[in-house]
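The chains referred to below are lettered A, B, ... by the order of the sequence lines, with proteins before strands, and numbering in each begins at 1.
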Number of protein chains: 2
Amino acid sequence: MPAPLLPKREVVDRVMAVFRERGFEGATLARIAEATGLGKASLYHYFPGGKEDMGNVVLDVTESWMQEHVLGPLGEDGPPRQRIGRMLKSLDALYDGGNAACLLGTLTVGDSRTLFRKRLQWIFDAWIDALAGALRDAGSDRRAARERAEDTVARIEGALILAQARSDTGPFRRLLRQLGDDLVP
Amino acid sequence: MPAPLLPKREVVDRVMAVFRERGFEGATLARIAEATGLGKASLYHYFPGGKEDMGNVVLDVTESWMQEHVLGPLGEDGPPRQRIGRMLKSLDALYDGGNAACLLGTLTVGDSRTLFRKRLQWIFDAWIDALAGALRDAGSDRRAARERAEDTVARIEGALILAQARSDTGPFRRLLRQLGDDLVP
DNA sequence: GTCTATAATAGGATAGAC
DNA sequence: GTCTATCCTATTATAGAC
(Lines give C-alpha, C1' and ligand atoms only; values in the text may rest on other atoms or scores of the structure.)
Protein backbone atom coordinates (compact mmCIF):
# COMPACT_ATOMS: atom_id res chain seq x y z
CA MET A 1 0.00 0.00 0.00
CA PRO A 2 1.48 3.33 -1.12
CA ALA A 3 2.40 5.91 1.49
CA PRO A 4 -0.14 8.69 1.91
CA LEU A 5 0.60 11.75 -0.17
CA LEU A 6 -0.71 13.98 2.55
CA PRO A 7 -1.59 13.49 6.21
CA LYS A 8 -5.34 13.26 6.64
CA ARG A 9 -5.43 16.53 8.54
CA GLU A 10 -3.92 18.28 5.53
CA VAL A 11 -6.41 16.62 3.18
CA VAL A 12 -9.28 17.80 5.36
CA ASP A 13 -7.89 21.33 5.48
CA ARG A 14 -7.77 21.51 1.72
CA VAL A 15 -11.26 20.11 1.34
CA MET A 16 -12.45 22.72 3.80
CA ALA A 17 -10.79 25.47 1.80
CA VAL A 18 -12.61 24.37 -1.35
CA PHE A 19 -15.95 24.34 0.52
CA ARG A 20 -15.31 27.81 1.86
CA GLU A 21 -14.41 29.23 -1.53
CA ARG A 22 -16.93 27.47 -3.73
CA GLY A 23 -19.79 26.48 -1.45
CA PHE A 24 -21.02 22.94 -1.00
CA GLU A 25 -22.52 22.53 -4.47
CA GLY A 26 -19.65 24.32 -6.17
CA ALA A 27 -17.14 22.07 -4.43
CA THR A 28 -17.08 19.37 -7.10
CA LEU A 29 -15.07 16.22 -6.72
CA ALA A 30 -12.94 17.32 -9.64
CA ARG A 31 -11.98 20.53 -7.87
CA ILE A 32 -11.44 18.80 -4.57
CA ALA A 33 -9.26 16.23 -6.28
CA GLU A 34 -7.23 19.00 -7.82
CA ALA A 35 -6.89 20.86 -4.52
CA THR A 36 -5.73 17.78 -2.65
CA GLY A 37 -3.65 16.28 -5.42
CA LEU A 38 -5.58 13.04 -5.04
CA GLY A 39 -7.61 11.21 -7.64
CA LYS A 40 -11.38 11.33 -7.30
CA ALA A 41 -11.49 7.69 -6.25
CA SER A 42 -8.86 8.24 -3.57
CA LEU A 43 -11.09 10.73 -1.83
CA TYR A 44 -13.41 7.86 -0.97
CA HIS A 45 -10.65 6.35 1.11
CA TYR A 46 -10.77 9.36 3.44
CA PHE A 47 -14.47 10.05 3.02
CA PRO A 48 -16.34 6.79 2.36
CA GLY A 49 -19.66 8.62 2.42
CA GLY A 50 -18.69 11.02 -0.35
CA LYS A 51 -19.47 14.71 -0.23
CA GLU A 52 -21.83 14.55 2.71
CA ASP A 53 -19.08 12.81 4.63
CA MET A 54 -16.65 15.56 3.69
CA GLY A 55 -19.09 18.15 4.93
CA ASN A 56 -19.44 16.44 8.25
CA VAL A 57 -15.70 16.03 8.75
CA VAL A 58 -15.19 19.67 7.87
CA LEU A 59 -17.84 20.59 10.42
CA ASP A 60 -16.10 18.39 12.99
CA VAL A 61 -12.96 20.42 12.47
CA THR A 62 -14.93 23.64 12.66
CA GLU A 63 -16.50 22.60 15.94
CA SER A 64 -13.11 21.77 17.42
CA TRP A 65 -11.77 25.08 16.24
CA MET A 66 -14.71 26.90 17.79
CA GLN A 67 -14.25 25.01 21.00
CA GLU A 68 -10.58 25.88 21.23
CA HIS A 69 -10.63 29.46 20.02
CA VAL A 70 -14.08 30.78 20.82
CA LEU A 71 -16.14 28.74 23.26
CA GLY A 72 -13.18 27.90 25.44
CA PRO A 73 -11.76 31.42 25.85
CA LEU A 74 -15.21 32.97 26.24
CA GLY A 75 -16.09 30.51 28.99
CA GLU A 76 -12.96 31.02 31.06
CA ASP A 77 -12.63 32.89 34.31
CA GLY A 78 -10.57 35.93 33.40
CA PRO A 79 -11.76 39.45 32.63
CA PRO A 80 -14.51 39.46 29.96
CA ARG A 81 -12.66 42.03 27.91
CA GLN A 82 -9.68 39.73 27.63
CA ARG A 83 -11.79 36.68 26.82
CA ILE A 84 -13.58 38.53 24.03
CA GLY A 85 -10.28 39.92 22.81
CA ARG A 86 -8.95 36.41 22.38
CA MET A 87 -11.99 35.43 20.36
CA LEU A 88 -11.59 38.44 18.10
CA LYS A 89 -7.94 37.74 17.48
CA SER A 90 -8.68 34.13 16.54
CA LEU A 91 -11.48 35.16 14.21
CA ASP A 92 -9.18 37.61 12.51
CA ALA A 93 -6.75 34.79 11.83
CA LEU A 94 -9.42 32.29 10.74
CA TYR A 95 -10.93 34.69 8.24
CA ASP A 96 -7.55 36.00 7.14
CA GLY A 97 -8.42 39.58 7.93
CA GLY A 98 -11.63 39.31 5.94
CA ASN A 99 -10.19 37.74 2.81
CA ALA A 100 -11.59 34.30 3.51
CA ALA A 101 -15.29 33.52 3.32
CA CYS A 102 -17.09 31.99 6.27
CA LEU A 103 -17.62 28.27 5.87
CA LEU A 104 -20.76 28.36 7.98
CA GLY A 105 -22.17 31.16 5.88
CA THR A 106 -21.56 29.34 2.60
CA LEU A 107 -23.13 26.18 4.00
CA THR A 108 -26.36 28.03 4.77
CA VAL A 109 -26.95 28.34 1.01
CA GLY A 110 -28.60 25.60 -1.01
CA ASP A 111 -28.94 21.91 -0.25
CA SER A 112 -26.18 22.02 2.34
CA ARG A 113 -28.40 24.16 4.52
CA THR A 114 -30.90 21.35 4.99
CA LEU A 115 -28.22 18.68 4.91
CA PHE A 116 -26.31 20.23 7.82
CA ARG A 117 -29.15 22.18 9.39
CA LYS A 118 -28.80 20.87 12.92
CA ARG A 119 -25.06 21.27 13.06
CA LEU A 120 -25.07 24.82 11.68
CA GLN A 121 -27.72 25.77 14.18
CA TRP A 122 -25.78 24.21 17.02
CA ILE A 123 -22.54 26.00 16.17
CA PHE A 124 -24.15 29.42 15.85
CA ASP A 125 -26.19 28.88 19.01
CA ALA A 126 -23.13 27.82 20.96
CA TRP A 127 -21.21 30.85 19.73
CA ILE A 128 -24.00 33.24 20.68
CA ASP A 129 -24.51 31.57 24.06
CA ALA A 130 -20.83 31.75 24.93
CA LEU A 131 -20.55 35.39 23.89
CA ALA A 132 -23.70 36.29 25.81
CA GLY A 133 -22.18 34.63 28.87
CA ALA A 134 -19.08 36.80 28.67
CA LEU A 135 -21.20 39.92 28.21
CA ARG A 136 -23.26 39.04 31.28
CA ASP A 137 -20.03 38.65 33.23
CA ALA A 138 -19.15 42.13 32.02
CA GLY A 139 -22.32 43.52 33.54
CA SER A 140 -25.04 43.29 30.89
CA ASP A 141 -28.37 41.93 31.98
CA ARG A 142 -29.43 38.60 30.55
CA ARG A 143 -31.56 39.96 27.76
CA ALA A 144 -29.21 42.71 26.64
CA ALA A 145 -26.29 40.29 26.66
CA ARG A 146 -28.10 37.86 24.39
CA GLU A 147 -29.22 40.57 22.00
CA ARG A 148 -25.78 42.06 21.74
CA ALA A 149 -24.30 38.61 21.20
CA GLU A 150 -26.71 37.89 18.36
CA ASP A 151 -26.05 41.27 16.83
CA THR A 152 -22.29 40.81 17.10
CA VAL A 153 -22.30 37.46 15.33
CA ALA A 154 -24.56 38.91 12.65
CA ARG A 155 -22.22 41.85 12.14
CA ILE A 156 -19.25 39.53 11.72
CA GLU A 157 -21.04 37.28 9.25
CA GLY A 158 -22.38 40.26 7.35
CA ALA A 159 -19.01 41.95 7.18
CA LEU A 160 -17.59 38.77 5.66
CA ILE A 161 -20.36 38.71 3.04
CA LEU A 162 -19.64 42.33 2.22
CA ALA A 163 -15.93 41.59 1.95
CA GLN A 164 -16.65 38.86 -0.60
CA ALA A 165 -19.15 40.90 -2.55
CA ARG A 166 -17.17 44.12 -2.68
CA SER A 167 -13.60 42.82 -2.45
CA ASP A 168 -13.12 45.14 0.50
CA THR A 169 -11.98 43.85 3.85
CA GLY A 170 -12.15 47.30 5.44
CA PRO A 171 -15.49 46.94 7.24
CA PHE A 172 -14.51 43.55 8.64
CA ARG A 173 -11.16 44.76 9.95
CA ARG A 174 -12.70 47.87 11.44
CA LEU A 175 -15.42 45.82 13.07
CA LEU A 176 -12.95 43.50 14.78
CA ARG A 177 -10.92 46.49 15.93
CA GLN A 178 -13.94 48.26 17.40
CA LEU A 179 -15.74 45.32 18.95
CA GLY A 180 -13.21 44.99 21.75
CA ASP A 181 -13.95 48.48 23.02
CA ASP A 182 -17.63 48.55 22.11
CA LEU A 183 -18.61 45.32 23.83
CA VAL A 184 -16.73 45.87 27.08
CA PRO A 185 -15.99 49.59 27.44
CA MET B 1 -47.97 30.02 -31.27
CA PRO B 2 -49.44 29.07 -27.91
CA ALA B 3 -50.35 31.79 -25.42
CA PRO B 4 -47.82 32.32 -22.64
CA LEU B 5 -48.61 30.36 -19.50
CA LEU B 6 -47.27 33.17 -17.37
CA PRO B 7 -46.38 36.78 -18.03
CA LYS B 8 -42.62 37.19 -18.26
CA ARG B 9 -42.54 39.22 -15.07
CA GLU B 10 -44.05 36.30 -13.20
CA VAL B 11 -41.59 33.86 -14.74
CA VAL B 12 -38.72 36.07 -13.65
CA ASP B 13 -40.11 36.34 -10.12
CA ARG B 14 -40.24 32.58 -9.79
CA VAL B 15 -36.76 32.13 -11.16
CA MET B 16 -35.56 34.69 -8.64
CA ALA B 17 -37.23 32.80 -5.82
CA VAL B 18 -35.41 29.61 -6.79
CA PHE B 19 -32.08 31.45 -6.89
CA ARG B 20 -32.71 32.93 -3.46
CA GLU B 21 -33.63 29.61 -1.92
CA ARG B 22 -31.09 27.32 -3.57
CA GLY B 23 -28.24 29.58 -4.65
CA PHE B 24 -27.00 29.86 -8.20
CA GLU B 25 -25.52 26.38 -8.48
CA GLY B 26 -28.40 24.77 -6.64
CA ALA B 27 -30.89 26.42 -8.96
CA THR B 28 -30.97 23.67 -11.55
CA LEU B 29 -33.00 23.93 -14.74
CA ALA B 30 -35.12 21.05 -13.50
CA ARG B 31 -36.08 22.96 -10.36
CA ILE B 32 -36.62 26.20 -12.23
CA ALA B 33 -38.82 24.40 -14.73
CA GLU B 34 -40.85 22.97 -11.89
CA ALA B 35 -41.18 26.33 -10.17
CA THR B 36 -42.33 28.09 -13.33
CA GLY B 37 -44.43 25.26 -14.72
CA LEU B 38 -42.49 25.52 -17.97
CA GLY B 39 -40.49 22.82 -19.72
CA LYS B 40 -36.74 23.15 -19.56
CA ALA B 41 -36.58 24.02 -23.23
CA SER B 42 -39.17 26.75 -22.84
CA LEU B 43 -36.92 28.58 -20.41
CA TYR B 44 -34.59 29.30 -23.30
CA HIS B 45 -37.31 31.33 -24.91
CA TYR B 46 -37.20 33.77 -22.01
CA PHE B 47 -33.51 33.38 -21.27
CA PRO B 48 -31.63 32.56 -24.49
CA GLY B 49 -28.32 32.68 -22.67
CA GLY B 50 -29.31 30.03 -20.14
CA LYS B 51 -28.54 30.31 -16.47
CA GLU B 52 -26.16 33.22 -16.75
CA ASP B 53 -28.89 35.08 -18.58
CA MET B 54 -31.34 34.26 -15.79
CA GLY B 55 -28.90 35.60 -13.24
CA ASN B 56 -28.54 38.85 -15.11
CA VAL B 57 -32.28 39.34 -15.54
CA VAL B 58 -32.81 38.62 -11.87
CA LEU B 59 -30.14 41.18 -11.04
CA ASP B 60 -31.87 43.66 -13.35
CA VAL B 61 -35.03 43.23 -11.31
CA THR B 62 -33.07 43.54 -8.09
CA GLU B 63 -31.49 46.78 -9.26
CA SER B 64 -34.88 48.23 -10.16
CA TRP B 65 -36.24 47.19 -6.80
CA MET B 66 -33.30 48.80 -5.03
CA GLN B 67 -33.75 51.95 -7.06
CA GLU B 68 -37.42 52.21 -6.20
CA HIS B 69 -37.39 51.12 -2.57
CA VAL B 70 -33.94 51.98 -1.27
CA LEU B 71 -31.88 54.33 -3.41
CA GLY B 72 -34.85 56.49 -4.33
CA PRO B 73 -36.25 57.02 -0.83
CA LEU B 74 -32.81 57.49 0.70
CA GLY B 75 -31.95 60.13 -1.88
CA GLU B 76 -35.06 62.21 -1.45
CA ASP B 77 -35.42 65.55 0.30
CA GLY B 78 -37.48 64.72 3.39
CA PRO B 79 -36.28 64.12 6.93
CA PRO B 80 -33.52 61.45 7.04
CA ARG B 81 -35.38 59.49 9.68
CA GLN B 82 -38.36 59.11 7.40
CA ARG B 83 -36.26 58.21 4.38
CA ILE B 84 -34.46 55.49 6.34
CA GLY B 85 -37.76 54.31 7.78
CA ARG B 86 -39.09 53.75 4.29
CA MET B 87 -36.04 51.70 3.38
CA LEU B 88 -36.46 49.56 6.49
CA LYS B 89 -40.10 48.91 5.80
CA SER B 90 -39.35 47.83 2.24
CA LEU B 91 -36.55 45.54 3.36
CA ASP B 92 -38.86 43.95 5.88
CA ALA B 93 -41.29 43.15 3.08
CA LEU B 94 -38.61 41.96 0.64
CA TYR B 95 -37.10 39.56 3.15
CA ASP B 96 -40.46 38.51 4.49
CA GLY B 97 -39.60 39.44 8.04
CA GLY B 98 -36.38 37.44 7.88
CA ASN B 99 -37.83 34.25 6.41
CA ALA B 100 -36.42 34.81 2.94
CA ALA B 101 -32.73 34.59 2.19
CA CYS B 102 -30.93 37.48 0.53
CA LEU B 103 -30.39 36.93 -3.18
CA LEU B 104 -27.26 39.05 -3.15
CA GLY B 105 -25.85 37.05 -0.27
CA THR B 106 -26.46 33.71 -1.97
CA LEU B 107 -24.89 34.99 -5.18
CA THR B 108 -21.65 35.83 -3.36
CA VAL B 109 -21.06 32.10 -2.89
CA GLY B 110 -19.44 29.95 -5.55
CA ASP B 111 -19.10 30.58 -9.25
CA SER B 112 -21.84 33.17 -9.26
CA ARG B 113 -19.62 35.41 -7.20
CA THR B 114 -17.11 35.76 -10.03
CA LEU B 115 -19.79 35.58 -12.71
CA PHE B 116 -21.70 38.57 -11.28
CA ARG B 117 -18.85 40.20 -9.38
CA LYS B 118 -19.18 43.67 -10.85
CA ARG B 119 -22.94 43.84 -10.43
CA LEU B 120 -22.94 42.61 -6.85
CA GLN B 121 -20.29 45.14 -5.99
CA TRP B 122 -22.23 47.92 -7.68
CA ILE B 123 -25.46 47.15 -5.85
CA PHE B 124 -23.86 46.97 -2.42
CA ASP B 125 -21.82 50.10 -3.09
CA ALA B 126 -24.89 52.01 -4.24
CA TRP B 127 -26.80 50.91 -1.14
CA ILE B 128 -24.02 51.95 1.20
CA ASP B 129 -23.51 55.26 -0.60
CA ALA B 130 -27.19 56.14 -0.45
CA LEU B 131 -27.48 55.24 3.21
CA ALA B 132 -24.34 57.18 4.05
CA GLY B 133 -25.86 60.18 2.28
CA ALA B 134 -28.96 60.06 4.45
CA LEU B 135 -26.83 59.72 7.57
CA ARG B 136 -24.79 62.75 6.57
CA ASP B 137 -28.00 64.68 6.10
CA ALA B 138 -28.88 63.61 9.64
CA GLY B 139 -25.73 65.18 10.97
CA SER B 140 -23.00 62.54 10.83
CA ASP B 141 -19.69 63.58 9.44
CA ARG B 142 -18.62 62.02 6.19
CA ARG B 143 -16.48 59.29 7.66
CA ALA B 144 -18.84 58.28 10.45
CA ALA B 145 -21.75 58.21 8.01
CA ARG B 146 -19.93 55.84 5.69
CA GLU B 147 -18.80 53.56 8.49
CA ARG B 148 -22.27 53.35 9.97
CA ALA B 149 -23.74 52.68 6.55
CA GLU B 150 -21.32 49.80 5.95
CA ASP B 151 -21.99 48.42 9.38
CA THR B 152 -25.75 48.66 8.91
CA VAL B 153 -25.72 46.77 5.64
CA ALA B 154 -23.47 44.15 7.19
CA ARG B 155 -25.81 43.75 10.15
CA ILE B 156 -28.77 43.24 7.84
CA GLU B 157 -26.98 40.68 5.70
CA GLY B 158 -25.64 38.89 8.75
CA ALA B 159 -29.02 38.79 10.45
CA LEU B 160 -30.43 37.14 7.33
CA ILE B 161 -27.66 34.53 7.38
CA LEU B 162 -28.39 33.86 11.03
CA ALA B 163 -32.09 33.56 10.30
CA GLN B 164 -31.37 30.90 7.68
CA ALA B 165 -28.86 29.03 9.79
CA ARG B 166 -30.86 29.03 13.02
CA SER B 167 -34.43 29.20 11.71
CA ASP B 168 -34.90 32.25 13.91
CA THR B 169 -36.05 35.54 12.48
CA GLY B 170 -35.86 37.26 15.86
CA PRO B 171 -32.53 39.06 15.43
CA PHE B 172 -33.52 40.31 11.98
CA ARG B 173 -36.86 41.68 13.14
CA ARG B 174 -35.33 43.28 16.19
CA LEU B 175 -32.62 44.85 14.07
CA LEU B 176 -35.08 46.46 11.68
CA ARG B 177 -37.10 47.72 14.60
CA GLN B 178 -34.10 49.26 16.34
CA LEU B 179 -32.30 50.69 13.33
CA GLY B 180 -34.82 53.48 12.90
CA ASP B 181 -34.09 54.88 16.33
CA ASP B 182 -30.41 53.98 16.44
CA LEU B 183 -29.44 55.58 13.14
CA VAL B 184 -31.33 58.83 13.58
CA PRO B 185 -32.05 59.35 17.28
C1' DG C 1 -44.44 29.99 -26.80
C1' DT C 2 -44.34 25.46 -25.64
C1' DC C 3 -43.26 20.93 -26.32
C1' DT C 4 -40.62 16.15 -27.03
C1' DA C 5 -36.47 14.32 -28.10
C1' DT C 6 -31.79 14.29 -27.85
C1' DA C 7 -27.21 15.53 -27.56
C1' DA C 8 -22.96 16.47 -24.86
C1' DT C 9 -20.89 17.02 -20.77
C1' DA C 10 -20.12 17.05 -15.88
C1' DG C 11 -21.02 15.14 -11.49
C1' DG C 12 -21.00 11.63 -7.81
C1' DA C 13 -19.85 7.20 -6.88
C1' DT C 14 -17.93 2.20 -7.32
C1' DA C 15 -14.85 -1.95 -8.78
C1' DG C 16 -10.84 -3.86 -8.77
C1' DA C 17 -5.77 -3.72 -9.88
C1' DC C 18 -1.48 -2.57 -7.74
C1' DG D 1 -3.53 4.47 -0.16
C1' DT D 2 -3.75 5.46 -4.79
C1' DC D 3 -4.84 4.58 -9.28
C1' DT D 4 -7.49 3.69 -13.99
C1' DA D 5 -11.58 2.52 -15.80
C1' DT D 6 -16.28 2.64 -15.67
C1' DC D 7 -21.19 3.42 -14.42
C1' DC D 8 -25.21 6.00 -13.78
C1' DT D 9 -27.53 10.01 -13.26
C1' DA D 10 -28.15 14.91 -13.45
C1' DT D 11 -27.33 19.00 -15.87
C1' DT D 12 -27.06 22.35 -19.44
C1' DA D 13 -28.21 23.18 -23.81
C1' DT D 14 -30.03 22.55 -28.72
C1' DA D 15 -33.05 20.94 -32.73
C1' DG D 16 -37.12 20.93 -34.66
C1' DA D 17 -42.26 19.88 -34.53
C1' DC D 18 -46.58 22.14 -33.54
Side-chain angles (χ1 to χ4, degrees), chain A residues 1-59 61 106-107 109-116, chain B residues 1-59 61 106-107 109-116:
Chain A
M1 158 182 346
L5 292 180
L6 292 173
K8 168 147 187 182
R9 207 198 50 265
E10 178 64 23
V11 171
V12 173
D13 282 352
R14 296 193 186 190
V15 171
M16 180 154 37
V18 178
F19 278 18
R20 256 193 343 213
E21 285 161 24
R22 326 283 316 208
F24 186 73
E25 339 242 355
T28 64
L29 290 190
R31 290 205 250 242
I32 294 171
E34 194 193 354
T36 55
L38 294 172
K40 280 202 267 182
S42 304
L43 292 168
Y44 286 85
H45 170 74
Y46 294 97
F47 311 101
K51 277 188 75 177
E52 179 168 357
D53 213 345
M54 295 182 202
N56 276 308
V57 171
V58 155
L59 282 172
V61 171
T106 68
L107 290 182
V109 172
D111 284 334
S112 49
R113 169 163 162 258
T114 39
L115 205 48
F116 304 116
Chain B
M1 88 168 75
L5 292 180
L6 292 172
K8 167 147 189 183
R9 207 198 49 263
E10 178 64 21
V11 171
V12 172
D13 282 351
R14 296 192 185 190
V15 171
M16 180 155 38
V18 178
F19 278 17
R20 257 193 342 214
E21 285 159 26
R22 329 283 318 208
F24 187 72
E25 340 242 353
T28 65
L29 290 190
R31 290 204 250 243
I32 294 170
E34 194 194 353
T36 54
L38 293 172
K40 284 198 264 181
S42 305
L43 292 168
Y44 286 85
H45 170 71
Y46 293 98
F47 310 101
K51 279 188 73 176
E52 179 169 356
D53 213 345
M54 294 182 201
N56 276 309
V57 171
V58 155
L59 282 171
V61 170
T106 68
L107 290 182
V109 172
D111 284 333
S112 49
R113 171 166 161 256
T114 36
L115 206 47
F116 304 116

message = Against A:Y46, only a single residue in A:V57, A:V12, A:L38 fulfils side-chain contact (heavy atoms from CB on, under 4.5 Å); can you say which?
response = A:L38

query = Base, sugar-phosphate, or nothing for A:K51, non-hydrogen atoms under 4.0 angstrom?
reply = sugar-phosphate

query = Hey, does B:Y44 reach any base, or is it just sugar-phosphate, or nothing, if we go heavy atoms under 4.0 Å?
reply = base

inquiry  = Is the terminal nitrogen or CZ of A:K51 (NZ for Lys, CZ for Arg) located under 6.0 angstrom from the six-membered ring centre of A:F116 and within 45° of that ring's axis?
reply    = no

Residue mapping more 5' on DNA chain C - nearest nucleotide basis, A:P48 or A:R31 = A:R31

query = With side chains defined as the heavy atoms from C-beta onward, is the minimum distance between B:F24 and B:V58 less than 4.5 Å?
reply = no

ask   = Would you say A:E25 and B:T28 make side-chain contact, with heavy atoms under 4.5 Å?
value = no

Let me know the distance between [atom1] of [X] and [atom2] of [N], rounded to the nearest Å.
X      : N      : atom1 : atom2 : value
A:E10  : D:dG1  : CD    : P     : 16 Å
B:D53  : D:dT12 : CG    : C1'   : 14 Å
A:F47  : D:dG1  : CZ    : C1'   : 14 Å
B:D111 : C:dG11 : CG    : P     : 9 Å
A:M54  : C:dG11 : CE    : P     : 13 Å
A:L6   : D:dT2  : CG    : P     : 8 Å
A:E52  : C:dA13 : CD    : P     : 9 Å
A:F24  : C:dG12 : CZ    : P     : 8 Å

Taking the side chain of [X] as its heavy atoms from C-beta onward, which of [options] lies nearest to it?
X     : options                : value
B:Y46 : C:dT4, C:dG12, C:dG1   : C:dG1
B:T28 : D:dT11, C:dG11, C:dA13 : D:dT11
B:A41 : D:dA15, D:dT11, D:dG1  : D:dA15
A:L5  : C:dG12, C:dC3, D:dC3   : D:dC3

query = Does atom CD of A:E34 have more than 12 heavy-atom neighbours from other groups under 6.0 Å away?
reply = no

A:S42 vs D:dC3: side-chain N/O to OP1/OP2 distance below 4.0 Å = yes

